Number of protein chains: 2
Amino acid sequence: MRFKKSTQELQKENFIQNLSYDCVIFGFNGKQLKILILEYHNTGFFALPGGFINRNESLDDAVKKGVKNRTGLDDIYLEQFQTFGSLTRSDPDAMKRIFKENDMDREIPDWLLDRFISISYYALINYDKVTPTPDELSDSIDWYSIDELPVLMMDHRKIVAKALQVLQDNLEKKLVGMNLLPSKFTMKQLQMVYEVILGEELRRTTFQRRILGMNILDRHEKLFQGKAHKAPYLYSFK
Amino acid sequence: MRFKKSTQELQKENFIQNLSYDCVIFGFNGKQLKILILEYHNTGFFALPGGFINRNESLDDAVKKGVKNRTGLDDIYLEQFQTFGSLTRSDPDAMKRIFKENDMDREIPDWLLDRFISISYYALINYDKVTPTPDELSDSIDWYSIDELPVLMMDHRKIVAKALQVLQDNLEKKLVGMNLLPSKFTMKQLQMVYEVILGEELRRTTFQRRILGMNILDRHEKLFQGKAHKAPYLYSFK
DNA sequence: TATTATTGTTACAAAATGAGACAATAAGAC
DNA sequence: GTCTTATTGTCTCATTTTGTAACAATAATA
């Protein structure tokens, strides 16, 4: 959970109480699976991007808006995967600290110190098209490799683990590659996406045969990379 | 969404606002896949069993408690599958009507007329061990076959459809049969569970070979049903 | 022109699945 | 008792899918 607006706008009446969302935003940099993590200024607190649900907007719209603000992207592939509601997951002390370090500890709305149930989404985005944008609470936001994450606040590590597990389960049925890759890509790139998500190496020939057999790709021109070997074809999703 | 307690106890301070849960409780009667549907008295409103989350209990505990009250069962297999949060899903007029028909329209707490975001679970239970129990708002609760459901309130039909879809997706990886069948069952019974969930017929020999190949079953004595043919073995999950 | 690394494709083996056949066997009919 | 009936457990063979390796094609470089 985190703030989208200045505290002026964080008025209790505007938002649904005790409810937040968190989003695991996946990107693929060509080699590794990455997620966007933000850091609250002067606290050493790392967290998933998130926010609250406005009383007069739908849950999905709230999340879309939040992710758009962080990434600059419209039409993002979003999937809701779990709602976390344990009694111990919230951390009012951390919340106080964040406000304090931003010289806002007099303004902290009391509803932010209450218990929160968090609805979690994951997003799949094209890494290269994103300009990660921190918000007014002056935190940074950056890509972290999935296997080199910093220690995260509250239960956010658990949320990431669940997101990855669901992503793995959905890998076959949901055309994950389409959203993590540019519109044209090589078979090798697609295979690497599958490999980083599954965390295991795949056999090149079997993978190629299976994917082509699905009949979901169009083949385009070759990609000449200036390397001393045969040039691969470019593909796109139909 | 529905009520667990008399309105005396439905005080705003006790519950998390704007948040409810709904539960699709699946059972298998030997032939059909059934779910528990309740009917509000004198309204013709059919709905999924559900409830609210107490401020000092975890989300999972709230749902466990609710399902236990309706079924009498402890240790229920529960799986959270989706949170519904559209702006249009709530229906304050229906809520008023329900209270009115129960001669409680003066007592209706105003927070019940507000927007609700609903966290949905499905449960898998042993049909024969359940005594469906209506609550103090004097409604009935009964089993309905999945393909003969009455018209449901609000978006509950959509919730059921999603539950069934997720159940289908989870069929292989989650040992669904274990929770819908008695501890000892025949191969035929297990196959029928798979068939009603998938909505398609399966080949007997292939099914048997596949399930036995998984090595998840123990074979026990034969079951003599008084029928003029070979008696099947009983199995249990390891 | 030869070398190198990677690619697309083919070939064959191994495993999984589809489809059918068949013997075994409880209980009822005679 | 013996025959009939319906269902079960198992086996066989064909088909499909997957695992594994081999090999020729080919961009760039030496």
Side-chain angles (χ1 to χ4, degrees), chain A residues 28 30-31 168-169 171-173 175-177 181-238, chain B residues 28-32 168-169 171-173 175-177 181-238:
Chain A
F28 177 65
K31 295 197 171 169
Q168 287 174 351
D169 291 345
L171 188 52
E172 298 310 317
K173 53 181 183 236
L175 297 188
V176 162
L181 289 170
S183 59
K184 286 186 181 179
F185 49 88
T186 66
M187 191 61 72
K188 173 96 181 170
Q189 285 178 291
L190 183 58
Q191 183 177 339
M192 286 186 74
V193 168
Y194 274 68
E195 288 178 335
V196 294
I197 290 175
L198 292 175
E200 63 181 354
E201 300 202 340
L202 301 174
R203 190 163 286 269
R204 183 181 63 94
T205 52
T206 310
F207 179 79
Q208 183 144 341
R209 176 174 50 191
R210 214 184 75 222
I211 298 289
L212 290 177
M214 290 180 190
N215 217 38
I216 53 175
L217 297 186
D218 283 327
R219 178 181 282 184
H220 303 284
E221 72 280 6
K222 289 185 176 181
L223 171 66
F224 299 96
Q225 298 162 300
K227 301 285 181 58
H229 56 75
K230 191 172 178 177
Y233 287 106
L234 285 170
Y235 297 88
S236 67
F237 285 93
K238 271 182 178 161
Chain B
F28 177 66
N29 74 343
K31 295 198 171 170
Q32 294 164 306
Q168 287 173 352
D169 290 346
L171 188 52
E172 298 310 318
K173 53 181 184 238
L175 295 189
V176 163
L181 289 170
S183 59
K184 287 186 180 179
F185 49 87
T186 66
M187 191 60 72
K188 172 97 181 168
Q189 285 177 292
L190 184 58
Q191 183 178 340
M192 287 186 72
V193 168
Y194 274 69
E195 288 178 335
V196 294
I197 290 175
L198 292 175
E200 63 181 354
E201 300 202 338
L202 301 175
R203 187 162 287 270
R204 183 180 63 94
T205 52
T206 309
F207 179 79
Q208 184 144 341
R209 176 173 52 189
R210 214 184 77 223
I211 297 290
L212 290 176
M214 289 180 190
N215 217 37
I216 53 175
L217 298 185
D218 283 328
R219 176 181 284 186
H220 303 284
E221 72 280 5
K222 290 185 176 183
L223 171 66
F224 299 95
Q225 297 163 298
K227 301 285 182 59
H229 56 73
K230 191 172 178 178
Y233 288 105
L234 285 170
Y235 297 89
S236 68
F237 285 94
K238 269 182 180 160

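Convention: sequence-line order gives letters A, B, ...; per-chain numbering from 1. Note that the coordinates shown come from a computational prediction; the quantities given were computed from them, not determined experimentally.
A search for side-chain hydrogen bond (donor to acceptor under 3.5 Å, both in side chains) contacts involving A:Arg219 returns A:Tyr235, not counting sequence neighbours. Evaluation of the salt bridge (charged side-chain N to carboxylate O under 4.0 Å, His left out) rule for A:Glu195 yields no partner, not counting sequence neighbours.
Taking atom CD of A:Glu221 as the reference point, atom P of D:dA27 lies 14 Å away to the nearest angstrom. Remark: C1' of D:dG9 and NZ of B:Lys188 are 14 Å apart, rounded to the nearest angstrom. Rounded to whole Å, the distance from CG on A:Leu212 to P on C:dT7 is 14 Å. Taking atom NZ on B:Lys222 and atom P on D:dT7, their separation rounds to 16 Å, with Å as the unit. The CG atom of B:Leu223 sits 17 Å away from the P atom of C:dT25 (whole-angstrom rounding). Atom NZ of B:Lys227 is separated from atom P of D:dT7 by 8 Å (rounded to the nearest Å). Rounded to an integer number of Å, the gap from CD1 of B:Ile211 to C1' of C:dA16 is 15 Å. Straight-line distance from the OH atom of B:Tyr233 to the P atom of D:dT7: 19 Å, rounded to whole Å.
Phosphate contact (OP1/OP2 of C:dG8, side-chain N/O of A:Lys230, threshold under 4.0 Å): absent.
Across every non-hydrogen atom of A:Phe28 and A:Met192, the tightest pair is CZ-CB, 3.9 Å. Of all heavy-atom pairs spanning A:Gly177 and A:Leu190, the tightest one is CA-CD1, 4.1 Å.
A:Gln168 places a side-chain N or O within donor-acceptor distance of the main-chain N or O of A:Ile197, the cut-off being under 3.5 Å.
Here NZ of B:Lys188 is found 11.0 Å from CZ of B:Phe207. Values are rounded to the nearest 0.5 Å.
Here the side chain of A:Phe224 is nearest to one of D:dG9, D:dA27, C:dT25, namely D:dA27. In this structure, of D:dA27, C:dA26, C:dG8, it is C:dG8 that holds the atom nearest to the side chain of A:Tyr235.
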Verdict with supporting geometry, A:Leu212 and A:Met187, side chain to side chain contact (heavy atoms under 4.5 Å, CB included): CA-CA 10 Å; A:Leu212 290 177; A:Met187 191 61 72; 3.8 Å; yes
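Using a 4.0 Å cutoff on non-hydrogen atoms, the parts of residues 195-210 of chain A near DNA chain C are A:Arg204, A:Thr205, A:Gln208, A:Arg209, ordered by number.
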